[in-house]
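Notes follow the structure.
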Amino acid sequence: MSEEIYQGKILSPVVRNITQDKINLYAGASGDFNPIHIDESFAARTPLGGTIAHGMLVLSYVSEIMSQSFGRGWSSGGKLSMRFKAPARPGDTITVTGKVNSLEEREGVPHATCSLDCRNQKGELIVTGEAVVGIARKENTHGSK
Amino acid sequence: MSEENKERASITFTELSSGYEFPAASYLLDAALVSRYLEAVEGDGDGFVPPLAIAAYAMKAMMDVISLPSGAIHASQELEFFKLVPVGSEVKCQSRVARKISRSRMKMMVLEMDVRDENGDRVQSGKATVILPP
């Protein structure tokens, strides 16, 4: 977890390569066998033109950037709001980036509001949104830096 | 997933209405399940269930009940986490159709879920928007 959280801080990015094997593995782990994810011949006949990664798989990478930046506070007090803008496809390299946009006290606890984006290797926006998380008191926080 | 959950009949999109409450679904987040999840998302374990794993299984619990056409896709997701869940815990998911839109070529649903642990403590809530193919 980061030692210091401050307004404007850029979170360490998370980078993941999407493959059909990984999508299939996620289907097995999550129980989501929607053919748009795992059946290449079916998916090729849809407007999407091919298989796509599960939205929840991509969101797991978003959750990871928050976990690595805010530790267990994320899993016990985080809030996430994300919109899926484009599909992540096999062969894509997904980079999740985040930035602390603001810090504010809520019921005596400092909270960070972060903007989050997932883009593919072409820079296309895949998922975008915002997360809010409480910061443990032991963290050194600043209004800005 | 419990046998009770598996026995529920599927409901089609047409049969669903706003306000419909799904039967509560309980699921055990044991070490094997969490290990498979972590392998799939390339994550590291820390003795607690990743919050997105809880969300994924809660979504599955809903999708076990709804019979959606192939090609349904996720448009947005909101999640709020309240409590760490140790691996090996059993959680209960309650969910409902918050909103259903069905126009000529536009079909979508907003599903709300609430997940609690064995003590009845809220561990997670969420809202998913799903778009169905025309």
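Labels below follow one simple rule: chain letters A, B, ... track the order of the sequence lines, proteins then strands, and each chain is numbered from 1. In what follows, every heavy atom counts, from backbone to side chain, and hydrogens, waters and symmetry copies are set aside.
Between A/L25 and B/E39, the closest side-chain pair of non-hydrogen atoms falls below 4.5 Å. With a 4.5 Å cut-off on side-chain heavy atoms, B/E42 and A/E64 do not count as touching. At a threshold of 4.5 Å between non-hydrogen side-chain atoms, the residues B/M59 and A/D32 do not count as touching. In this structure the side chain of A/S60 reaches within 4.5 angstrom of the side chain of B/Y37, judged on heavy atoms. Counting only heavy atoms from C-beta outward, the side chains of A/S63 and B/P50 never approach each other to under 4.5 Å. Counting heavy atoms from C-beta on, the side chains of B/L52 and A/M56 come closer than 4.5 Å. Side chains of B/D46 and A/R72 form a contact here, defined as non-hydrogen atoms less than 4.5 Å apart.
Residue B/K92 qualifies as open at atom NZ: its count of foreign heavy atoms under 6.0 Å is 12 or below. The 12-atom threshold is exceeded at CZ of B/R96, counting heavy atoms of other residues, nucleotides or ligands nearer than 6.0 Å. The number of heavy atoms from other shown groups lying within 6.0 Å of CZ (B/R122) is above 12. Sparse packing is recorded around NZ of B/K127, with 12 or fewer heavy atoms of other residues, nucleotides or ligands lying under 6.0 Å away. Atom NZ of A/K22 sits in a crowded spot, with more than 12 heavy atoms from other residues, nucleotides or ligands closer than 6.0 Å.
Within the 4.5 angstrom heavy-atom criterion, no atom of B/L38 approaches chain A. Residue contact with chain A, scored on non-hydrogen atoms closer than 4.5 Å, involves the backbone and the side chain of B/A55 alike. Looking at B/A75, the atoms closer than 4.5 Å to chain A (heavy atoms on both sides) all sit in the backbone: N, CA, C or O. With a 4.5 angstrom heavy-atom cutoff, A/I23 does not touch chain B via any of its atoms.
Note: the hydrophobic cluster containing B/I73 does not contain A/F84 (ILVMFWY, side chain heavy atoms under 4.5 Å, direct or indirect links). Linking Ile, Leu, Val, Met, Phe, Trp and Tyr residues whenever their side-chain heavy atoms come within less than 4.5 Å places B/Y20 and B/M113 in a single cluster. There is a path of hydrophobic side-chain contacts, each under 4.5 Å, that joins B/V110 to B/M106. Under the 4.5 Å side-chain heavy-atom criterion for ILVMFWY residues, no single connected hydrophobic cluster contains both B/V123 and B/F48. By the criterion of side-chain heavy atoms lying less than 4.5 angstrom apart, applied directly or through intervening Ile, Leu, Val, Met, Phe, Trp or Tyr residues, B/L84 is not grouped with B/L79; the two fall into different hydrophobic clusters.
Closest approach of B/V41 and A/Y61 over heavy atoms only: O-CE2, 3.8 Å. A/L57 approaches B/A40 most closely through the heavy-atom pair CD1-O, 3.9 Å. Across every non-hydrogen atom of B/Y57 and A/A29, the tightest pair is OH-O, 2.9 Å.
Distance check: B/M63 CE to A/N34 CG gives 9.0 Å after rounding to the nearest 0.5 Å.
Comparing B/A53, B/P51, B/G43 by how many heavy-atom pairs each has under 4.5 Å with chain A, the most go to B/P51. Between chain B and the options A/G77, A/S81, A/S75, heavy-atom pairs under 4.5 Å are most frequent for A/S75. Ranked by heavy-atom pairs shorter than 4.5 Å toward chain B, the options A/R83, A/H37, A/M82 are led by A/M82.
Between B/F81 and A/W74, the two ring planes are perpendicular [angle over 60°; tilted spans 30° to 60°].
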